[in-house]
Structure formats: structure tokens, C-alpha cells
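The block underneath contains the structure these notes are about, expressed in C-alpha cells.
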Amino acid sequence: MALVSTHAPGAFCWVELGTSDLNAAKQFYAALFGWVAHDQDMGPDGVYTIFKLKERDVAAAYNLHPERQAGVPPHWMLYVASDDADATAAHGVELGGSMIAPPFDVGDVGRMAMLVDPTGAPHNVWQAGSNPGVGIYNEPGAFCWGQLNTTDTVKAEAYYKALFDWTAKTGSGADGMTYTEWSLNGAGIGGMMQLPPGAPSASHWMPYFMVANCDEAAAKAAQLGAQVYLPPMDIPHTGRFAVFADPQGAVFAVFQANM
């Protein structure tokens, strides 16, 4: 089991679902991944749900606000660890990004900022307080990879390399598809793909969750009401993956590693 208690600056540290139906989302992800929901009363801001897997924090979810977030579709948001959220947010703006929300404290659990990269992909920055982020990683049911689907890979690569000290390695597979792998301190943490012209979605980050069996997870997700965007397929010498939208429309992927 890959248990974690801290996240290095530049590492993905939290995954959060903004949804149009929190109760339905809780049922879907509990059935698919075995997550256990722990609701936290946020007063006028509603309920914030922490999902746990093997008693460790694995993800979170909340209902999108009908007024403040009107028109925002259900989505997964990725957070990147920082040892100084204020400095990282300011640097992001210097690099051509913009702020959805400037740095602010979340009680004593941490400090965060909400950014948009120069290609339009939202991402959050997290400076840990009492909560460092996810406590389980790279385990069936847990987050294992972050992928940026973007309208401009050149702009995105320059931005994230400068902001988080990531390295980027781009190559082509047997099918001719170009894919960039993000690494931090020599370890792969995510990837990047170019969105095709006329793609129906804007630039966005997409989480991958590990599963023991990709085909079984895909069949289960479809049975639970997910829309299959990409059916299970092999990544040569690496594993097998599939991409879905949950019943409310939030896009995510599952990944089965080669043994």
C-alpha cells in the first residue's frame, strides 16, 4: 500500500470533485472505488465530503454553487503542493497564468490559491497546514496520475516547468500519438496531450485512478451510469486505461499497471 504523509513541492497532493449532485456522486464513487464518504458541515457553503480509502483521505467532493459557479460543469480539480502558496500564485501570474481566487487560508488545514494556466486549464495550489493532502496514492482506488489536455502544449510546457520545476519528455507511440510525460525529481507524475482542433472541451486537467482490472472497472462504471469516452485500451509496456464521464459529467480515467 502506498501511504503518504507529506507531498513535495510540485507534487499532486489533492483531487477534488465539483458536482451537480453530491449524493449521487457519493454513491457512484463508493460503488466504483470503495470510497467511504465523510461529510463536513460547511454552514452556508453546504457540505464538503472527504472520501476515504482504507481509512486514508483519497479525494473530496462538493456541490457546485448554483449562483457563484453558475455555468461551471461538473469537473475534477487537481491541487499541486507548494511550500509558499502566495509566492507560487504570484509566479503563476508572472508566467502568463491568471487567478480565479488569490491565496486564502482554509482554517488551519492549509492555504490555497486557484489559478488558470495560459492555455485556460484551471489548477489549484496547496500549502499544507494540518492537512497535507491525500494519504494514499498509486493504489487501486487511489489517484495515480494527472493529465493535462490542452490547446497549446508549447505554452503549457513552459508554464509548468517554470512554476513547479517539472521536467517534460515528449515522444510518439506506435499509433503516432504524441504524449508528454511530466516528471518531478526524476519520477513520473503525469502527462500532457494536445486537444484536437474543434475539440468540445477547453483545456483541463484530468485525474487517473488506479484499478486492479481496467476492463472490470470500465464495465462497472458503465453499469453505474458513466459515459464511456474511451473504452479500455493498452498503453504498450505500461498498462491499460479507459476514460469516462461520471453520471453528472465529470471526466476521469482509470489505469491498470502491467504486472
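By convention here, the first residue in the shown sequence is residue 1. Values below: every heavy atom of this structure, side chains too, minus hydrogens, waters and symmetry copies.
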inquiry  = If I compare all heavy atoms of Gly191 with all of Trp205, which pair ends up nearest, and what's the gap?
reply    = O-CZ3, 4.2 Å
key: Inter-residue atom distance Asp246.CG - Ser20.OG, 0.5 Å rounding   = 8.0 Å
ask   = Is the shortest heavy-atom distance from the side chain of Val58 to the side chain of Arg56 under 4.5 Å?
value = no
remark   = Rounded to the nearest 0.5 Å, the OG1 atom of Thr49 sits from the CG atom of Leu22 at a distance of 4.0 Å
ask   = Are the aromatic rings of His123 and Tyr159 close, with centres under 6.0 Å apart?
value = yes
ask   = At their closest point, which heavy atom of Ala8 faces which heavy atom of Asn185, and how far apart are they?
value = CB-ND2, 4.5 Å
ask   = For the residue pair Ala60 and Ile50, what are the closest heavy atoms and their distance?
value = CB-CD1, 4.2 Å
ask   = Should the pair Trp166 and Tyr160 be assigned to parallel (<30°), tilted (30 to 60°) or perpendicular (>60°) ring geometry?
value = parallel
Spatial distance of atom CD1 (Ile100) from atom CG (Asn124) [nearest 0.5 Å] = 7.0 Å
query = What about Leu95 and Leu148, same hydrophobic cluster or not, with Ile/Leu/Val/Met/Phe/Trp/Tyr joined at side-chain heavy-atom distances under 4.5 Å?
reply = yes
ask   = Do the two ring centres, one from Trp35 and one from Phe209, sit under 6.0 Å apart?
value = yes
query = Which heavy atom in Ala226 sits nearest to a heavy atom in Pro247, and how many Å separate them?
reply = N-CG, 4.2 Å
task = State yes or no: are the ring centers of Tyr29 and Trp76 separated by less than 6.0 Å?
result = yes
query = Got a sec, which pairs hit side chain to side chain donor-acceptor pair (under 3.5 Å) with one end in residues 220-237, sequence neighbours left out?
reply = Asp234-Arg240
remark   = Closest heavy-atom pair, Gly133 versus His7, reported as atoms and distance to 0.1 Å, is C-NE2, 4.0 Å
message = Using the rule that Ile, Leu, Val, Met, Phe, Trp and Tyr join whenever any side-chain heavy atoms are under 4.5 Å apart, tell me whether Phe104 and Tyr79 fall into a single cluster.
response = yes
message = Just to verify, what does Thr119 make a side chain to side chain contact (heavy atoms under 4.5 Å, CB included) with, not counting sequence neighbours?
response = Asp117, Ala121, Thr150, Thr151, Asp152, Lys155, Ala156, Ser203
message = For the backbone of Gln194 and the side chain of Thr153, can you confirm whether one donor and one acceptor N or O come within less than 3.5 Å of each other?
response = no
query = When hydrophobic residues are tied together by side-chain contacts of less than 4.5 Å, even through go-betweens, does Phe143 share a cluster with Leu53?
reply = yes
query = Should Lys54 and Leu3 be marked as a side chain to side chain contact (heavy atoms under 4.5 Å, CB included) after you check the CA-CA gap, both sets of side-chain angles, and the distance that decides it?
reply = CA-CA 10 Å; Lys54 299 183 179 179; Leu3 302 182; over 6 Å; no
request  = Taking the six-membered ring for Trp and the single ring otherwise, decide whether the centroids of Phe255 and Trp145 are under 6.0 Å apart.
outcome  = no
Distance (rounded to the nearest 0.5 Å) between His75 NE2 and Met206 CE = 15.0 Å
task = Side-chain contact test, heavy atoms from C-beta onward, threshold under 4.5 Å: evaluate it for Val15 versus Tyr208 and give yes or no.
result = no
ask   = Which value, rounded to the nearest 0.5 Å, describes the distance between Met112 atom CE and Thr88 atom OG1?
value = 13.0 Å
query = Mind checking what makes side chain to side chain contact (heavy atoms under 4.5 Å, CB included) contact with Met193, not counting sequence neighbours?
reply = Gln147, Asn149, Met177, Tyr179
message = Is the shortest side-chain heavy-atom distance between Phe12 and Ile189 below 4.5 Å?
response = yes
ask   = Shared ILVMFWY cluster between Leu17 and Val47, side chains joined below 4.5 angstrom?
value = no
task = Could you check whether the rings of Phe252 and Phe244 sit parallel, tilted or perpendicular, using 30° and 60° as the cut-offs?
result = tilted
request  = Examine Tyr62 and Met77 and state if one hydrophobic cluster contains both, with Ile, Leu, Val, Met, Phe, Trp and Tyr joined whenever side-chain heavy atoms are less than 4.5 Å apart.
outcome  = yes
remark   = Nearest heavy-atom approach of Met99 to Leu115 is CG-CD2, 3.4 Å
task = Would you check if Pro140 and Val211 make a side-chain contact, meaning some heavy-atom pair closer than 4.5 Å?
result = no
query = Are any of the side-chain heavy atoms of Trp182 and Thr167 separated by less than 4.5 Å?
reply = no
request  = Output the distance between atom CG (Asn63) and atom CG (Asp21), rounded to the nearest 0.5 Å.
outcome  = 7.0 Å
